[in-house]
Amino acid sequence: SPRRHPSPYRLCLGISISLPACFSSWWSEVQMGPPDPILGVSEAYKRDTNPKKINLGVGAYRDDQGKPFVLSCVRKAEAQIAAKKLDKEYLAIGGLGDFNKACAKLALGDDNEVIKSGRNITVQTISGTGSLRIGANFLSRFHTEAREVYLPTPSWGNHTPIFRDAGMQLKAYTYYDPKTCGFDFQGALNDISKIPAKSVIMLHACAHNPTGVDPRPEQWKEIAELVKKRNLLVFFDMAYQGFASGDIDRDAWAVRYFIEQGHNILLSQSFAKNMGLYGERVGGFTVVCKDAEEAKRVESQLKILIRPIYSNPPMNGARIAATILNTPDLYKEWLGEVHGMANRIITMRELLVANLKKEGSTKNWQHVIDQIGMFCFTGLKPEQVERLTKEFSVYMTKDGRISMAGVTSGNVGYLAQGIHSVTK
Amino acid sequence: MSLFGEVPQATPVAVFKVTNDFKEDPNPKKVNLGVGAYRTDEGQPWVLPVVKKVEKIIVADDSLNHEYLPILGLPEFRSSASKIALGEDSPAIQENRVGAVQCLGGTGALKIGAEFLRRWYNGNNNTRTPVYVSAPTWENHNAVFVNAGFEDVRPYKYWDAEKRGLDLSGFLGDLERRKLFVFFDSAYQGFASGCLDKDAWAVRYFITQGFEMFCAQSFSKNFGLYNERVGNLTIVARDPDNLKRVLSQMEKIVRVTWSNPPSQGARLVAVTLNNPELFSEWKDNVKTMADRVLSMRASLRAKLEALETPGTWDHITQQIGMFSFTGLNPNQVEYLIKEKSIYLMASGRINMCGLTTKNIDYVAESIHESVVNVQ
């Protein structure tokens, strides 16, 4: 067919391009990357043909039938959005304004002085990972006085590579006590008291991942005071607001307390779990600044960081989240559904311990009930985990972490059997 | 004393500032020829009819949910998107040496590709490898590669300001005798000529010549899915083994950037591309957009020639796609913005989609004025 435009391509045909005589590849030196430990578990689970198999790997909520759960308020929000017949024009680099405002209010509380004075900047991000990454990039570029980020031991496996890739250095502070399967409060305070001034300290706001071990309010208060004394920059990761206790405000208590105490924090939020919007990639990144003027400067720099990564964020999930957060009866429904999810998990914890006792286990499993949120650090050792996977087709990460969301009233008995079998 | 006391105010990204200024302009005759998004002849955004149809299909499908996609994205999206670029019967695809990473728009695909290259191309972590981009190029290309760690992003001659066309000898001269890795940016397939295969000719030709390459694909324009961030990084490797190792490393990069990509837009595209009727309807929708742009090009050129605006204007119809480099200088651009409320980039770049049958006379006359009155 005739070309309407004189084509430069036609001229190229006449040019000979010399290629290397041996057709080697640019990629011969590229090593095979190790499989991602967390998501890799799901893939191994999929390949397993055992009908009794259980996936306790990735932290995605499942209902009591073991099925993914699309929240009713999400479906309603989607229907409302569809009826509006909106266009698909690019969002601003910082994302959907209605979402950003509601996201900040959810974390900090409607009446928070920070929001009223406009001294926070909140941008929409690609879920929690994207938020942490933008935060890490921001620290790397602007927090030049200290290069170190202190993570609790253990922390979410992806924290380390994210910060490292952004050019920060990783250090650790004591957190989990394997002897009690609980919080090593003194150990944490000891380590935090030695952290050099201006270093970044990462705190899990609630439902610590992977251990499920959270500080109590009075412990948070001491941590806040010590962190202030040490002059550390606080970075909160809040991926489970609502999911831990079932109560939005309770789960944000630590974040709000720290701000009240004068910490100008960084905050990552995810709506993957609490709204079940996993694959829509809905998150927020907040910097609490000195004042509104500083917030504007910080905002301008965040945009400069975001643009060369993905230009502007995806609309769909943010629109759903904003609709829910900004529509009173959807918001109410959502609070109920989050509470329901948290409750089911709490029930499974209780059932698991009850079944372990029924199996005849004499071990102390109290930590399964004391821990909170989606995950449980069982205390299982790697060899025991390996046996649990090989002999019972129970899939979990090597550190002994199980996703309680994968436990159902239908499989809890079998799970207890397996755990008892490898620990007795 | 704030830790961020020293954070300077950054200058805003130019193209968004243009749109911002346009929005704030009270002049009823204002025209936005800035950011690259399609507009109908009524000057409105256009959600493709096929997209509306597929959205309904998705909503009605109870088996769908909002679960995480795999790290590399929705498999049926990745493969069908690569087929669009390479052709249904591409020998490279048949030889199992084509893979893909679903990314956040074309930008995301460039980003992941750039991050991979910095780590694995030309030795490990070789940040001094020169990256050649056309002069001029999309301004974010520079930022993507610099932020991925490359220290040497340089131009190759491309645009001939006098001819208002391609500087081919300059182009070849800058790149001759070099062993180069090819990274195609395909943001407008279908949008340029109205024909998918025609617009993919260069990419497919390079494959016949035996190149390994990356191709960053965007479905923002040709599907009108701008804000859903639908992109695909297609990888053509020498053989399946190389491909496998490359994809495994891509996963690691994705995991520390966004973990896994957004599902809505990719699903929409996958459903469309994998259904013959919907695919056909999509191609029609694409042609509708391309044809309107072509008619605006013809119209603008004709009007400028009728006005006897000094200079030659055939470049308006010789150039292709959403944009035109008018050849207007910064003073003339400023005149258009300030005096006429016609918003365009300082480079003289206009978005043809911003032109409509209702505003084209005003724009043509204004360009005429700026060329005649402003040096």
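Proteins come first, then strands; the chains are lettered A, B, ... in the order of their sequence lines, and each starts at number 1.
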**Q** Can you find a side-chain donor-acceptor pair between A/R133 and A/N137 that sits under 3.5 Å?
**A** yes
**Q** Could you check whether B/E55 pairs with A/K85 (Lys NZ or Arg NE/NH1/NH2 to Asp/Glu carboxylate O, under 4.0 Å)?
**A** no
**Q** Calculate, to the nearest 0.5 Å, the distance between atoms CD and CG belonging to A/E294 and A/N264 respectively.
**A** 7.5 Å
**Q** Can you tell whether the side chains of A/E43 and A/K46 come within less than 4.0 Å, N to carboxylate O?
**A** no
**Q** Quick check for you: among B/S220, B/C195, B/A109, B/G105, which has the greatest number of heavy-atom pairs under 4.5 Å with chain A?
**A** B/S220
**Q** Would a 4.5 Å heavy-atom cut-off, applied to side chains only, mark B/K111 and A/P308 as touching?
**A**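 No, their side chains stay 4.5 Å or more apart.
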**Q** Testing the 3.5 Å rule here: is there a donor-acceptor pair between the side chains of A/R281 and B/N260?
**A** yes
**Q** Go through the atoms of B/P261 and report whether side chain, backbone, both or neither lie under 4.5 Å from a heavy atom of chain A.
**A** backbone
**Q** Between the side chains of B/R118 and B/N125, does any donor sit under 3.5 Å from an acceptor?
**A**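 Result is yes, a qualifying pair exists.
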**Q** Just give me the residue among B/L225, B/T257, B/V47 that pairs up with chain A most often, heavy atom to heavy atom, under 4.5 Å.
**A** B/T257
**Q** Go through the atoms of B/L268 and report whether side chain, backbone, both or neither lie under 4.5 Å from a heavy atom of chain A.
**A** neither
**Q** Just give me the residue among B/F171, B/F116, B/W46 that pairs up with chain A most often, heavy atom to heavy atom, under 4.5 Å.
**A** B/F116
**Q** Of the backbone (N, CA, C, O) and the side chain (C-beta and beyond), which part of A/S311 lies under 4.5 Å from a heavy atom of chain B, both, or neither?
**A** both
**Q** For A/V70, is it the side chain, the backbone, both or neither that has a heavy atom under 4.5 Å from a heavy atom of chain B?
**A**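 Contact with chain B is through the side chain of A/V70 alone.
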**Q** Please classify the contact of A/A272 with chain B as side chain, backbone, both or neither, using a heavy-atom distance under 4.5 Å.
**A**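 Only the side chain of A/A272 comes within 4.5 Å of chain B.
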**Q** Please state whether the side chain, the backbone, both or neither of A/I309 comes within less than 4.5 Å of a heavy atom of chain B.
**A** both
**Q** Is it true that, when you exclude B/K252 itself, more than 12 heavy atoms of the residues, nucleotides or ligands shown sit nearer than 6.0 Å to its NZ?
**A** no
**Q** What part of A/F163 lies closer than 4.5 angstrom to a heavy atom of chain B: side chain, backbone, both or neither?
**A**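 Answer is neither: A/F163 stays 4.5 Å or more from chain B.
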**Q** Give, as side chain, backbone, both or neither, the part of A/E78 having an atom under 4.5 angstrom from any heavy atom of chain B.
**A**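 Side chain only.
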**Q** What part of A/V282 is in contact with chain B, defined as an atom under 4.5 angstrom from a non-hydrogen atom: side chain, backbone, both or neither?
**A** neither
**Q** Looking only at heavy atoms and a cut-off of under 4.5 Å, which of B/K52, B/K56, B/E67 has the most pairs with chain A?
**A** B/E67
**Q** Please flag which part of A/N158 lies under 4.5 Å from any non-hydrogen atom of chain B: side chain, backbone, both or neither.
**A**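 For A/N158, the contact with chain B is made by the side chain alone.
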**Q** Between B/R119 and B/E115, is there a salt bridge with N-O shorter than 4.0 Å?
**A** yes
**Q** Looking at A/K296, A/K88, A/Q31, A/M32, which one has more heavy-atom pairs under 4.5 Å with chain B than the rest?
**A**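 Top count of heavy-atom pairs under 4.5 Å with chain B: A/K88.
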**Q** Once the angle between the rings of B/F181 and B/Y121 is folded into 0 to 90°, is it parallel (under 30°), tilted (30 to 60°) or perpendicular (over 60°)?
**A** tilted
**Q** Non-hydrogen atoms of chain B under 4.5 Å away: do they reach the side chain of A/K67, the backbone, both or neither?
**A** neither
**Q** Would you call A/R319-B/E228 a salt bridge at under 4.0 Å N-O?
**A**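 So A/R319 does not pair with B/E228 through a salt bridge.
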**Q** Contact part of A/L86 toward chain B, heavy-atom cut-off under 4.5 Å: side chain, backbone, both or neither?
**A**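 Just the backbone, heavy atoms under 4.5 Å.
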**Q** Could you give the distance from CD1 (A/I121) to OG1 (A/T286), rounded to the nearest 0.5 Å?
**A**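 Spacing of CD1 (A/I121) from OG1 (A/T286) equals 8.0 Å.
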**Q** For A/R164, is it the side chain, the backbone, both, or neither that has a heavy atom closer than 4.5 Å to a heavy atom of chain B?
**A** neither
**Q** Got a sec: does the NZ of B/K163 have more than 12 other heavy atoms crowding it under 6.0 Å?
**A** yes
**Q** Quick check on A/D165 against chain B: is it the side chain, the backbone, both or neither that has a heavy atom closer than 4.5 Å?
**A** side chain
**Q** Could you measure the distance from the CD atom of A/E299 to the CG atom of A/N120? Nearest 0.5 Å is fine.
**A**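 Interatomic distance, A/E299 CD to A/N120 CG, rounded to 0.5 Å: 10.0 Å.
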**Q** Using a 4.5 Å heavy-atom cutoff, which residues in residues 141-149 of chain B come close to chain A?
**A** B/A143, B/V144, B/N147
**Q** Mark yes or no for whether B/N242, through its side chain, and B/R238, through its backbone, hold a donor-acceptor pair below 3.5 Å.
**A**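 No; zero donor-acceptor contacts below 3.5 Å.
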